[in-house]
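Note sheet for the following structure.
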Protein chains: 2
Amino acid sequence: MSHIIGKGRCISCQVRHLSIFANLSTQYLGELCDFQPTVMTYTAKEFIYRQGDSPNNAFTLRKGLIKLIKSLPDGRIQIVRILKSGDLFGFDGFAHQDYNQSAIALSDCEICHLPLAGLQKLRLQRPEIDQAMMQRWIQSLHDAENMMLDLGAKKASERLANFLVNWGESEQDGWKKMPLSRQEVGNLLGLTVETVSRFLSDWKRRGVIQERKGCIRIKDKKHLCEVINPKGTCG
Amino acid sequence: MSHIIGKGRCISCQVRHLSIFANLSTQYLGELCDFQPTVMTYTAKEFIYRQGDSPNNAFTLRKGLIKLIKSLPDGRIQIVRILKSGDLFGFDGFAHQDYNQSAIALSDCEICHLPLAGLQKLRLQRPEIDQAMMQRWIQSLHDAENMMLDLGAKKASERLANFLVNWGESEQDGWKKMPLSRQEVGNLLGLTVETVSRFLSDWKRRGVIQERKGCIRIKDKKHLCEVINPKGTCG
DNA sequence: GAATTTATTTGATATATATCAATGCACAAA
DNA sequence: TTTGTGCATTGATATATATCAAATAAATTC
């Protein structure tokens, strides 16, 4: 279950430099702090908010991973974004709109709840916040556009190979964390579990990738790049 | 071909109330004007910019329609957004990024070119611009998320029916402009021309829709709503 | 550790949509 | 009017991916 672990101490916040407040001076960080952002923990699979809820807060993710999903009445699901440390989410309230997606913890999370009213006030005083949000806007839209291209124009293998190569970050030993289940990868890429499983099994069999307990390693990147880029040249 | 038709007279601009400058006072509109926004016309099918170009401007669409597309090396295409009067586009430069999509005129267009430098300067002085851009950010992301849901989770008929019902605006006589070719509808919905054509023909045969010279009319909205919402209740 | 539950894999089959190919139609050019 | 050119339609067929079902494997609970 979720529970409060304290009021945010913005000045000493460990994800400050990743957040939209990265360029805020200590003076204004203090003011941000006065708005009483509340830090809460959530356990994996818990909802932070649901599509249709009325927003009182925006959120900054401090620890863990979150998926934003949209769902249809009959249960079909699309993951529209995966959030990592420092990401701002649930800002629909800025446009006086209800949440357009649901936010669900992928892993145990630590989330800072930012009261909308206070944030709006601070925004008007400090243009660097808007500047930071603008950067994120553009990045989010680029991500969304790339995803539309994937979903609308690419084949299953292309989407999956692209996901494996470009999602997350590898350790120096080449292994990277893969915190999504097959089902979730499917929900992200518009595929069924079975299709995801089949391609992964096939690539494992052929030595293109390796897998162990929540991690994968790409052994033959060239192969995956050729899948991604059927015509183009591959490095 | 495109050509310049003059420097923008922002105060008397016919799409001002639709633009991000809607709430700007006349004083600051004057200042905006000093940045010398240039109004240009483009003919249908012309590129306004290409994916990968370096931005010097952002744009406001004054007249006509524009499609933003992303394409793959082998020619596959995804339309990621369709713009109408008052829409801001090509703002990638705000994040010091190259254009992430190409912008192509769907019809003959009139477009205001806003020099980035000037716009940035004005933004810092007038928070209402950022406020307006924020609203658009949130709306654009909602649109993109809905489209991801469509492309990733819905069937061809659902996407197409949804498009017919919810895209564009009907005249009071029930007819609505349909300026997209079958091919373009396909590029928007992640389908082939043939698939689009087949469903439309079928619905025409069954009297669900009518079509004439660039316009369509929905005769049996209930039918289309049931296609869109297979399980749910339909008004 | 045994018992349950949940996630993954694999196979057989179905089906929606793509692909390929041909024809028809509308509008522009000559 | 004819001739062309692009777009839309229709049909036949192929195929990628979904669906259904069962067998393993892994994770949780007792």
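Worth knowing before you read on, the calculation uses all heavy atoms, side chains too, and leaves out hydrogens, waters and symmetry mates.
The CZ-P distance, from A:Arg182 to C:dT10, rounds to 10 Å in whole Å. Here the C1' atom of nucleotide D:dC7 and the CD atom of B:Glu211 are 12 Å apart, to the nearest Å. At whole-Å resolution of the value, CZ in B:Arg212 and P in C:dC27 are 14 Å apart. Between B:Ile209 atom CD1 and D:dA8 atom C1' the separation is 13 Å, expressed in whole Å. The interatomic distance linking B:Leu160 (CG) with C:dA18 (C1') rounds to 16 Å, in whole Å. Between A:Leu191 atom CG and C:dT17 atom P there is a gap of 15 Å when expressed in whole angstrom units. As a whole-Å value, the separation of B:Asn187 CG from C:dT17 P is 17 Å. Whole-Å rounding puts the B:Phe199 CZ to D:dT9 P distance at 14 Å.
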Could you walk me through whether A:Lys176 and A:Glu171 pass salt bridge (Lys or Arg N to Asp or Glu O under 4.0 Å), step by step? CA-CA 6 Å; A:Lys176 72 165 86 168; A:Glu171 309 290 315; over 6 Å; no

**Prompt:** Given the rule in the side chain to side chain contact (heavy atoms under 4.5 Å, CB included) test, do A:Gln101 and A:Tyr49 qualify, once you have shown the distances and angles that lead to the verdict?
**Reply:** CA-CA 8 Å; A:Gln101 357 76 14; A:Tyr49 58 76; 2.9 Å; yes

Fill in: Stepwise salt bridge (Lys or Arg N to Asp or Glu O under 4.0 Å) test for B:Glu158 and A:Arg76
CA-CA 13 Å; B:Glu158 297 173 84; A:Arg76 283 175 288 176; 2.7 Å; yes

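At D:dT10, one or more side-chain N or O atoms of B:Ser201 fall inside 4.0 Å of OP1 or OP2 (strictly under the cut-off). OP1 or OP2 of C:dA18 has at least one side-chain nitrogen or oxygen of B:Thr195 nearer than 4.0 Å.
Ranked by how close their nearest DNA chain D nucleotide is to the 5' end, A:Lys213 and A:Val196 are led by A:Val196.
Between its opening and closing five pairs, the helix from C:dG1-D:dC30 to C:dA30-D:dT1 changes axis direction by 40°, a value rounded to 10 degrees.
No side-chain donor from either of A:Ser197 and A:Glu194 sits under 3.5 Å from a side-chain acceptor of the other. Side-chain atoms of A:Asn187 and A:Gln183 include a donor-acceptor pair closer than 3.5 Å. The closest side-chain donor-acceptor pair between B:Asn100 and A:Glu145 falls under 3.5 angstrom.
As judged by a 4.0 angstrom heavy-atom cut-off over every strand, B:Gly190 is placed among residues touching the sugar-phosphate backbone only. Residue contacts for A:Arg205: at a heavy-atom cut-off of 4.0 Å it reaches the sugar-phosphate backbone alone, with no base atom in range.
Judged by distance alone with a 3.5 Å cut-off, a donor-acceptor contact links the side chain of A:Arg198 to the base of D:dT19. Judged by atom type and distance alone, B:Glu194 reaches the base of C:dC20 through a side-chain donor-acceptor pair under 3.5 Å.
Proximity note for A:Thr192 (side chain, C-beta onward) versus D:dT17, C:dT19, D:dA18: the nearest is D:dA18. Among the nucleotides C:dT17, D:dT9, D:dA18, the one closest to the side chain of B:Lys155 is C:dT17. Which of C:dT17, D:dC7, D:dT17 sits closest to the side chain of B:Lys45 comes down to D:dC7. Considering only side-chain atoms of B:Lys204, the nucleotide from C:dA18, C:dT9, D:dT9 that sits closest is D:dT9.
Taking the charged nitrogens against the carboxylate oxygens, B:Arg198 and B:Asp202 have no contact shorter than 4.0 Å, which rules out a salt bridge.
Checking each of A:Arg205, A:Arg217, A:Arg182 against A:Glu211 for a salt bridge (Lys or Arg N to Asp or Glu O under 4.0 Å) leaves exactly one that passes, namely A:Arg182.
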